[in-house]
Amino acid sequence: MSIPEGATARVLASEIRSGARSARTVLEEHLVAIDAREGEINAFNLVLVNEARAAADAVDIRVAAGEDPGPLAGVPVALKDNMCTRGVPTTCSSRILEGWRPPYDATVVERLVAAGAVVVGKTNLDEFAMGSSTENSAFGVTRNPLDPTKVPGGSSGGSAAAVAAGFTPLALGSDTGGSIRQPAALCGVVGVKPTYGAVSRYGLVAFASSLDQIGPFSRTVADSALMLEVIGGHDRRDSTSIPEPAPDLSSVLDHGVEGLRVGIIEELSGDGLEGIADDVQARLHEAVAALEAAGATVASTSVPSTVYGLSAYYVVAPAEASSNLARYDGVRFGLRVDALNAGDMNTATRTAGFGDEVKRRIMLGTYALSAGYYDAYYGKSQKVRTLILEDFARAYEEFDLLLSPTAPTTAFPIGEKTADPMTMYLNDVCTIPSNLAGHPSMSVPFGVGEDGMPIGVQVLAPAFGEPTMFRAAKVLEAAAPDGHPAVGGTMVGSPTGVRHE
Amino acid sequence: MSDDATTEIVPGWETVIGLEVHAELATATKLFSDAPNRFGGEPNTNVDPVSLGLPGSLPVLNEQAVELAIRVGLSLHCRVQRSVFARKNYFYPDMPKDFQISQYDLPINEEGWMELADGRRVGIERAHLEEDTGKSTHVGGGGRIHEAGHSLVDYNRAGVPLIEIVGAPDLRCAEDARAYVSELRSILVAIGASDGKMEEGSMRVDCNVSVRPVGDAELGTRCEIKNINSLRSLGRAIVYESRRQVDLITAGERVEQQTRHWNEDEGRTHKLRSKEEAYDYRYFPEPDLVPVDPSEEWIESVRAALPVLPRERRHRLAEAAGVDTATASLTVERGMDDLAVDAIGAGADPTRVLVHVENNLADGAGALTAASFAALVAMEVGGDLTATQAKTVLATLVAGGGDPAAVAADLGFEAMDDAALESVVDDLIAAHPEDWAAFTSGDDKERKKKSGFFVGKVMKATSGQADGRAVNEILARRAGA
């Protein structure tokens with residue numbers, strides 16, 4: 001059984017709320033889809049069949065009783081396995097958390113359930129969300145549903161793959177340097193990183209606290225808007241949560257881009273950045289044309305300090321991670337490898353429990369915070385963040401939105417970049433600046449590349465700019481081409497893949 | 001603060017002391033979560049995901065803890081300012097997150113001072129907020145960590161709000177250090193910031209000690225002493241550590257910067273770790289919290305609600321009683337300064353008031369009112385009551401209140417009229433002619449001796465109701481007649 005074309009979250013919720021279809025039926029269709037391909041894709045660390053059936057039945061009982069279970073009534077959702085679920089294992093795809101069952105739900109989980117959503121499972125990720133391919137998981141690689149020899153991107157590769165494979169219409173991911181947007185691009189789905197503080201992080205297992213943000217995956221822009229409306233808004237349990245209700249996105253989705261000013265970030269597009277593939281560049285140009293056709297004015301603009309984003313990120317994120325991941329010491333939860341004293345037990349536990357990439361980042365971060373190095377690394381990186389914020393602020397005086405590719409290339413073959421961390425890190429070059437600035441951005445599928453794999457266009461907005469960002473995303477979604485891109489582009493010169501000084 | 005030679009623990013050497021006091025703040029809940037802040041209880045019952053540092057949990061600052069910290073800052077004459085929490089990273093099993101949320105380069109309170117009972121001022125460098133750790137119990141091996149079979153951790157205390165008050169190195173002897181801690185405790189208790197119980201660990205003192213030859217301007221290398229659990233230990237540790245350091249230097253060795261542990265049973269300090277072994281805490285701003293920036297209005301409303309502090313109370317009583325602040329301090333410590341000031345205001349003799357507080361009211365003033373206290377002292381000074389009777393009446397007033405004249409009458413302490421007393425004295429003179437002769441004809445010494453004899457006899461005959469001075473006056477009159 002395949003998922004019908006029209007089975008978006010909005011359609012499903014509306015059918016279930018009206019009683020036209022049962023939540024249980026919808027769930028069973030999705031479980032069949034999972035059953036058919038999960039063995040190959042490995043999107044999930046855990047599928048909660050019984051719990052999901054009970055939740056779906058509960059939704060149906062409420063509908064039958066004349067109640068409204070909420071805007072996501074009966075909609076199957078998948079959660080990245082770094083979000084706490086009460087009594088349900090939460091692993092971060094790490095051996096070190098094996099067997100741990102949180103005694104509480106993350107705020108986003110509470111809100112999804114309160115809106116009627118049915119949690120179907122916990123999805124695979126790069127261990128502790130550190131990676132760009134979902135190959136750094138202790139529980140196996142997740143494969144790209146569109147070509148199982150390719151990676152789905154990461155770190156939220158399981159959630160992206162789940163949506164792309166039709167396992168669920170909605171999934172949650174977390175994005176620290178691009179971990180929602182890059183896999184969304186590589187899997188051909190919509191992925192949103194909201195403004196920092198727009199979605200509560202309570203119950204999200206921290207990687208880099210000042211950068212982490214939860215956001216939706218979906219097949220349509222409208223579905224992401226719906227999910228964001230449900231999970232967003234103030235939460236007193238997260239001190240960095242913005243004390244405002246979630247913005248109304250649904251009512252502005254179709255307002256178009258007439259009169260909007262859109263800037264292409266020179267430093268992050270093919271004309272300015274080595275490593276952006278020709279087909280990716282070509283799709284970006286087509287996206288520009290689509291926005292212009294819809295009435296926006298588009299021009300190139302410089303956000304110069306974004307070129308330092310990657311370097312700053314690989315100081316700040318590991319520094320915070322080195323501290324956030326200290327608590328995995330074998331004392332209170334998860335793995336414990338016994339030894340003669342507490343210090344040796346810590347070491348043995350962490351040596352056995354963490355994978356190589358996590359260890360690499362803990363070491364990087366510990367070094368960056370060490371006495372005598374703090375100013376040169378952490379201090380300087382914070383200055384870069386300030387510069388990036390200032391540059392964005394200048395750009396947003398002229399433009400309502402900015403545009404760039406989401407990822408430099410389409411999905412790459414499994415195993416291709418695992419030997420060279422730097423090459424892997426470069427995957428996030430376009431997505432990292434938004435995290436450093438705390439700004440929202442999203443990836444919208446916009447056609448495919450030479451290899452037939454999806455390409456995403458990234459729409460960036462200033463803080464709280466989600467409504468405008470979603471309007472542009474909706475226009476791009478409507479204009480997205482089906483076939484291969486016209487490589488060579490139609491504007492701003494010819495892409496050469498060479499960085500222009 | 002003082003270079004008085006009497007403060008020297010080792011002659012010719014000056015000890016320089018700076019104290020870091022941690023006090024648990026008396027909030028209802030923990031610094032960053034809703035778990036109760038409560039002493040005792042079954043292990044690991046006052047906990048929640050945040051105070052256990054569970055993955056995904058986030059800290060949310062307790063506003064009451066900030067208010068109490070502001071009270072502390074204002075009471076210590078600090079600048080209360082915008083502050084930033086920082087993570088202090090080190091691994092320890094009783095610290096749930098393996099980092100402590102503290103304040104580093106931007107503490108909430110900075111640059112204040114505190115006045116000791118004798119009027120001297122000690123600098124306060126900072127008073128910042130941080131969270132407490134849990135408690136480890138080492139099972140087997142006599143409770144020592146290195147020999148223990150296993151360890152148990154109780155996280156009830158983890159996340160309890162602490163204020164760490166860092167004093168300037170202005171203290172010079174054990175007595176100063178004890179006076180500093182006593183005064184600080186009085187302030188913390190007075191403003192409701194902490195219960196100040198050292199024995200329950202809600203107030204803990206780390207002590208930095210260095211020595212230098214008297215007259216030297218340069219500070220010596222300091223050692224930090226931990227595990228001081230009482231004022232007595234504090235004094236002993238300072239004396240021990242001063243001597244140890246002087247001994248090292250006079251033996252031609254160097255004092256190494258160390259963290260040392262006070263062993264109360266052995267009466268000595270032990271090395272915990274050297275400077276080289278010190279942790280690199282890798283402080284950085286806590287990204288899960290926003291800066292705390294108390295508004296002027298908030299600070300002023302906290303200031304307005306502060307009670308009168310021990311220092312001002314000492315000054316007020318000292319002025320009312322015409323004594324110095326050191327003399328007034330015991331009455332303030334006992335919380336009887338209002339009573340004393342009011343009694344003095346009602347005309348009571350200040351010296352008698354302070355003497356009664358010091359000697360006869362150690363267990364509290366009970367039902368004693370300022371008016372009855374003043375009336376009692378007036379009766380005593382006027383000769384209506386002897387000192388002994390006054391003490392007895394006072395105890396009755398403390399126990400049940402009442403009018404001192406009525407209480408004295410009930411106790412049969414009615415002052416004898418002069419005629420009755422003269423008659424008793426005359427009877428005794430007649431009964432003891434040899435003693436009377438010795439009194440009238442003896443030298444001063446003999447006269448004094450015999451006056452004591454007759455006063456004693458009179459007291460016995462009158463069951464202590466007679467006033468000794470009055471008896472002496474009668475004896476003098478009879479001898480001169």
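Order of the sequence lines sets the chain letters (A, B, ...), proteins ahead of strands, with each chain counted from 1.
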List the atom of B:F99, the atom of A:S323, and the distance in Å for their closest heavy-atom pair. CD2-OG, 3.2 Å
Please flag which part of A:V205 lies under 4.5 Å from any non-hydrogen atom of chain B: side chain, backbone, both or neither. both
Could you pull out the closest heavy-atom pair between B:R87 and A:E320, with the gap in Å? NH1-O, 4.1 Å
Under 4.5 Å to a heavy atom of chain B? For A:A106 that would be neither
Go through the atoms of B:F284 and report whether side chain, backbone, both or neither lie under 4.5 Å from a heavy atom of chain A. both
Count the heavy-atom pairs under 4.5 Å between each of A:V331, A:T90, A:L369 and chain B, then report the option with the highest count. A:L369
Is the shortest side-chain heavy-atom distance between A:D329 and B:P93 below 4.5 Å? no
Are there over 12 heavy-atom neighbours, none belonging to B:R38, within less than 6.0 Å of that residue's CZ? no
Drop me the distance from A:T240's OG1 to B:L289's CG, to the nearest 0.5 angstrom. 9.0 Å
So which residue, B:P96, B:S57, B:P49, ends up with the most heavy-atom pairs under 4.5 Å with chain A? B:P96
Portion of A:N82 that has a non-hydrogen atom of chain B nearer than 4.5 angstrom: neither
Of the backbone (N, CA, C, O) and the side chain (C-beta and beyond), which part of A:S200 lies under 4.5 Å from a heavy atom of chain B, both, or neither? neither
Closest non-hydrogen atom pair, B:P287 against A:Y196: O-OH, 4.1 Å
Regarding A:R332 and B:Y155, do their side chains bring together a donor and an acceptor under 3.5 Å, going by distance alone? yes
Over 12 non-hydrogen atoms of neighbours within 6.0 angstrom of CD in B:E63: no
Name the region of A:D238, side chain, backbone, both or neither, that has any atom closer than 4.5 Å to a heavy atom of chain B. both
Examine whether an atom of A:L97 lies under 4.5 Å from a heavy atom of chain B, and if so say whether it belongs to the side chain, the backbone or both; otherwise answer neither. side chain
Pairs of heavy atoms under 4.5 Å with chain B: top-ranked of A:L211, A:N346, A:N324: A:N324
Near B:Y281 OH, under 6.0 Å, is it more than 12 heavy atoms from other residues, nucleotides or ligands? yes
At a heavy-atom separation under 4.5 Å, does A:Y202 approach chain B through its side chain, its backbone, both, or neither? both
Within a reach of under 6.0 Å around NZ of A:K359, are more than 12 heavy atoms found that belong to other residues, nucleotides or ligands? yes
Exceeds 12 heavy-atom contacts within 6.0 angstrom, atom NZ of B:K275: no
Heavy-atom nearest pair, A:R237 first then B:L58, reads O-CB, 3.6 Å
Does A:Y374 have more than 12 heavy atoms from other residues, nucleotides or ligands lying within 6.0 Å of its OH? yes
Of the listed B:D48, B:N89, B:V153, B:V50, the one with the largest count of heavy-atom pairs under 4.5 Å with chain A is B:N89
Please report the C-alpha distance between B:F91 and A:R350 in whole Å, then the side-chain angles of each, then the deciding distance to 0.1 Å, and finally whether the side chain to side chain contact (heavy atoms under 4.5 Å, CB included) criterion is met. CA-CA 12 Å; B:F91 283 89; A:R350 292 165 69 80; 3.8 Å; yes
Would you name the heavy atoms of A:Y104 and B:P55 that are closest together and state the gap between them? OH-O, 2.5 Å
Any donor-acceptor pair under 3.5 Å from B:D280 side chain to A:S370 backbone: no
Nearest heavy atoms of B:D288 and A:S239, plus distance in Å: O-CB, 3.4 Å
Are any side-chain N or O atoms of A:R327 and backbone N or O atoms of B:G53, one a donor and one an acceptor, separated by less than 3.5 Å? yes
Tell me, out of A:G203, A:G379, A:A206, who's got the most heavy-atom pairs with chain B below 4.5 Å. A:G203
Can a salt bridge be assigned to the pair B:D34 and A:R236 using a cut-off of 4.0 Å between side-chain N and carboxylate O? yes
